[in-house]
Amino acid sequence: MTKASTSQVEVVAGIVQKHKDVSGALLPILHAVQNELGYVPSSAVQVIADGLNLSRADVHGVISFYHYFRSSPPGRHILQICRAESCQAMGSRKLEAHARQSLQVDFNQTTKDGEITLLPVYCLGNCACSPSVRVGDKVYGHVDSEKLDKIVSQLVSGAVEVRQHK
Amino acid sequence: MNKTVPTRIFIPRDTTSCSLGADRVAELVQQTISENELPLQVVRNGSRGLYWLEPMIEVETEAGRIAYGPVTDDCIEDFIASQFWKPNENHPLYLGLTQEIGFLKNQQRLTFARVGVIDPLSIDDYRQQGGFVGLGSALTLSSAEIVSVVTRSGLRGRGGAAFPTGIKWQTVLDTDSEQKYIVCNADEGDSGTYSDRMLMESDPFSLIEGMVIAGIAVGANQGFIYLREEYPLAEEILCKAIEIANEHGYLGNNIAGSNSSFSIDVRIGAGAYICGEETAMLESLEGKRGEVRPKPPLPAIKGLFGQPSVINNVISLASVPIILADGAEAYECYGAGRSRGTLPFQLAGNIKYAGLVELAFGATLRTLLNDFGGGTRTGKSMKAVQVGGPLGAYLPESQWDVALDYEAFVDIGAMLGHGGIVAFDDSVDMSEQARFSMEFCAIESCGKCTPCRIGSVRGVEVIDNICNGESPSQNLQLLNDLCETMTDASLCAMGGMTPFPVRSALQHFAEDFPALDKS
Ligand SMILES: Cc1cc2nc3c(=O)[nH]c(=O)nc-3n(C[C@H](O)[C@H](O)[C@H](O)COP(=O)(O)O)c2cc1C
Ligand code: SF4
Ligand code: FES
């Protein structure tokens, strides 16, 4: 086991320890792991299964059922574009196409430079100001291609600054 | 005005106003106040739901609150320089008294009475505006009496299925279990809906109060709120409100000095639409895959962790306090036919004045679309309207005189559901919408039954074939058969109702399937 995954295993073990006695603990644990690590690594599955007295298949089955949980690390930023009806009515199909084209990725893929993972989302509750997109915990309304480009360029330049600090 | 009391400036903080820049507006206004030592105080209220005017700023005056909007990023500096707090009637964004704005004035806000008015996290505001009166009244009643008030109010589930809330509560009350649960469905997955989100972000104590009353009514001391992951701000505000309610003795032991105790846990979903279906939600809360359970047993008898459980939508629960406060009759006297009280409708999609309209049942859909909505946002003619989320039918103009009433919608093969209304202008291609309905079902199907799991995937292929002109009439026959199988043989409404939007698109918008015409 590599060093990185050893420390990941420790993080997961700590989370399992903290939550394992609440009823229906598996989703809260998976949320905590993904919040902490950005994804649910395969090395976490055994630890969680052991802690909750479940089989690996049980845990894996839950992770794979929910769109939100992912088993590999995402890009530095997660960009979600709403694909649902209210946003469709205001041009989200065009926005989607623009995002795929300008970022050169499909949904559920990460840009080559590792900056942005593009995800679909089905309604952000922001339907009065469609089309909507979400980055991290921030939601944007009335997003057209131009506004999306601006959001993306701010994200990417922000990330560059962060790197310079290192 | 008393110089020592600062004038309050209200700047909303809900997902949508923030999505339009309300945080930045608040920051700049606060900065101006600090730098100039102005006698002003910023309050972050929820939104009134007049979303085309957000960010909408209000200034408290002796005559009432004065509004300005939309205060967007590109005009914020001029706006502040205009000394809007004076207030300034000549400012182009000046809207006059908030309560006189037609869109708001013509509503009947009962459940949403405090939404956008108060600071969502001020328990004093909540109490001053009628909060906890319903709880106070419930504490003087027996369990059976509380249930009877809810039954007589005519309240039906606002999550979509419109089942009478009082009857559900009675079933749980009648079970003799030590452990019962109140489960709040805050999964709000239907596109075009945002009333749950608004309520949780703008008046979270009303949901908490409703859940406490439900707990007292049926004998449950534990509540869960299943909140979708897509609502991070609602999570933040709701969790803070629960903490505050605990500190003030409205949750925990001996609620408001009584013998009752009740606590609430918030659990976060994980991006699965099907987890809004109540039994899938229970599975998810138990830490499993969100697969639909066959009924019976009813969750009211054997629900969460096998115990009797009340499962209600956010709006159903948040409507309970006012029913207990004002009485069943005061609520029941609103409405039409068997649809009693009010429903917070949500205008969405391509509509000029998008926002929340709480109205008594009985007005027409056209009233909402035209009088409130003002037609499309793009200015083109309106072609189709989808009501009730992704499983709701697409309605052509000939059906817009339908009354906003559960039964009237069922009569035309549609559903009112959670009250979301999505308008489309004439640039929409209804064959794309029909295809999307099948695609969405394929993506979100829980996989438990074949008609839904396989039928939806086939449905996408068959619609593609029709649109590509490949044996269109045979494929249409195939699509009709598929829809019939899905309707008749699916375990839940996901597979069972996906055919509604598909068939309505075919039936009312045949011009968008030109290949069928030629064959
Ligand atoms: C596919 C599907 C999705 C649903 N999504 C929701 C939802 O997001 N929110 C909700 O309150 N009810 C939803 N429901 C309805 C619930 O199953 C259930 O009827 C409701 O939570 C009961 O509460 P109520 O009686 O207060 O409406 C959904 C039903 C189905 C079949
Ligand atoms: S209809 Fe679809 S979502 Fe419902 S139980 Fe069957 S497979 Fe699951
Ligand atoms: S449909 Fe896109 S935010 Fe609701």
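Below, read A as the first sequence line, B as the second, and so on, with proteins coming before strands; counting in each chain starts at 1. Small disclaimer: the values here were computed from a predicted structure and weren't measured. Any value given below was found using the heavy atoms of this structure, including those in side chains, with hydrogens, waters and symmetry copies removed.
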Inset, instruction - Tell me, out of L20(B), D14(B), T378(B), L304(B), who's got the most heavy-atom pairs with chain A below 4.5 Å. - result: L20(B)
Inset, instruction - Go through I443(B), D425(B), I351(B), T376(B) and name the one with the most non-hydrogen pairs under 4.5 angstrom from chain A. - result: I443(B)
Legend entry - Ion pair E96(A)/R100(A), N-O distance below 4.0 Å: yes
Inset, instruction - Under 4.5 Å heavy-atom distance to chain A, tell me which part of E188(B) shows up: side chain, backbone, both or neither. - result: neither
Legend entry - Residues in ring pair (Phe, Tyr, Trp, His ring centres under 6.0 Å) contact with Y226(B), at least two apart in sequence or another chain: none
Inset, instruction - Select one option (side chain, backbone, both, neither) describing which atoms of D190(B) are under 4.5 Å from chain A's heavy atoms. - result: backbone
Legend entry - Between Y353(B) and F103(B), ring centroids under 6.0 Å: no
Inset, instruction - Could you tell me whether the side chain of S86(A) and the main chain of C127(A) form a donor-acceptor pair under 3.5 Å? - result: yes
Inset, instruction - Considering only heavy atoms and a distance below 4.5 Å, find which of A234(B), G192(B), C18(B) pairs most often with chain A. - result: G192(B)
Legend entry - Under 4.5 Å from any heavy atom of chain A - which part of Q346(B): neither
Legend entry - Contact class of A423(B) relative to chain A, heavy atoms under 4.5 angstrom: backbone
Legend entry - Region of C275(B) that comes under 4.5 Å of a non-hydrogen atom in chain A: side chain
Inset, instruction - May I ask you to decide whether E291(B) forms a salt bridge with R453(B), counting only side-chain N to carboxylate O separations under 4.0 Å? - result: no
Below 3.5 Å, can you tabulate the donor-acceptor pairs from side chains in residues 9-31 of chain A to any protein atom, sequence neighbours excluded?
residue	atom	partner	partner atom	Å
H31(A)	NE2	I268(B)	O	3.1
H31(A)	NE2	G269(B)	O	2.9

Legend entry - Proximal component of E236(B), with respect to chain A [non-hydrogen, under 4.5 Å]: neither
Legend entry - Lys/Arg N to Asp/Glu carboxylate O, D512(B) vs K383(B), below 4.0 Å: yes
Inset, instruction - Give, as side chain, backbone, both or neither, the part of F305(B) having an atom under 4.5 angstrom from any heavy atom of chain A. - result: side chain
Legend entry - Per-residue contact mode, R83(A) against chain B (heavy atom under 4.5 angstrom): both
Legend entry - Pairs of heavy atoms under 4.5 Å with chain A: top-ranked of E54(B), R377(B), E444(B), Q386(B): R377(B)
Inset, instruction - Would you check if E85(A) and C123(A) make a side-chain contact, meaning some heavy-atom pair closer than 4.5 Å? - result: no
Inset, instruction - May I ask you to name which of G420(B), A272(B), A354(B), S284(B) has the most heavy-atom pairs under 4.5 Å with chain A? - result: S284(B)
Inset, instruction - Counting only heavy atoms closer than 4.5 Å, note whether Q222(B) contacts chain A via side chain, backbone, both or neither. - result: neither
Inset, instruction - Can you tell which part of T15(B) gets under 4.5 Å to a heavy atom of chain A, answering side chain, backbone, both or neither? - result: both
Legend entry - Toward chain B, the part of V121(A) with a non-hydrogen atom under 4.5 Å: side chain
Inset, instruction - Heavy-atom distances under 4.5 Å only: say whether I421(B) touches chain A with side chain, backbone, both or neither. - result: neither
Inset, instruction - Give the member of Y194(B), F436(B), F424(B) that has the highest number of heavy-atom pairs under 4.5 Å with chain A. - result: F436(B)
Inset, instruction - Give a yes or no on whether the ring-centroid distance for F345(B) and F372(B) is below 6.0 angstrom. - result: no
Legend entry - More than 12 heavy atoms from other groups under 6.0 Å of NE2 on H60(A): no
Inset, instruction - Taking T498(B) for its side chain and M494(B) for its backbone only, find out whether a donor-acceptor pair lies under 3.5 Å. - result: yes
Inset, instruction - Inspect the surroundings of NZ in K147(A) and state if more than 12 heavy atoms from other residues, nucleotides or ligands are less than 6.0 Å away. - result: yes
Legend entry - chain B interface, residue from Q80(A), R93(A), K138(A) that has the most non-hydrogen pairs under 4.5 Å: R93(A)
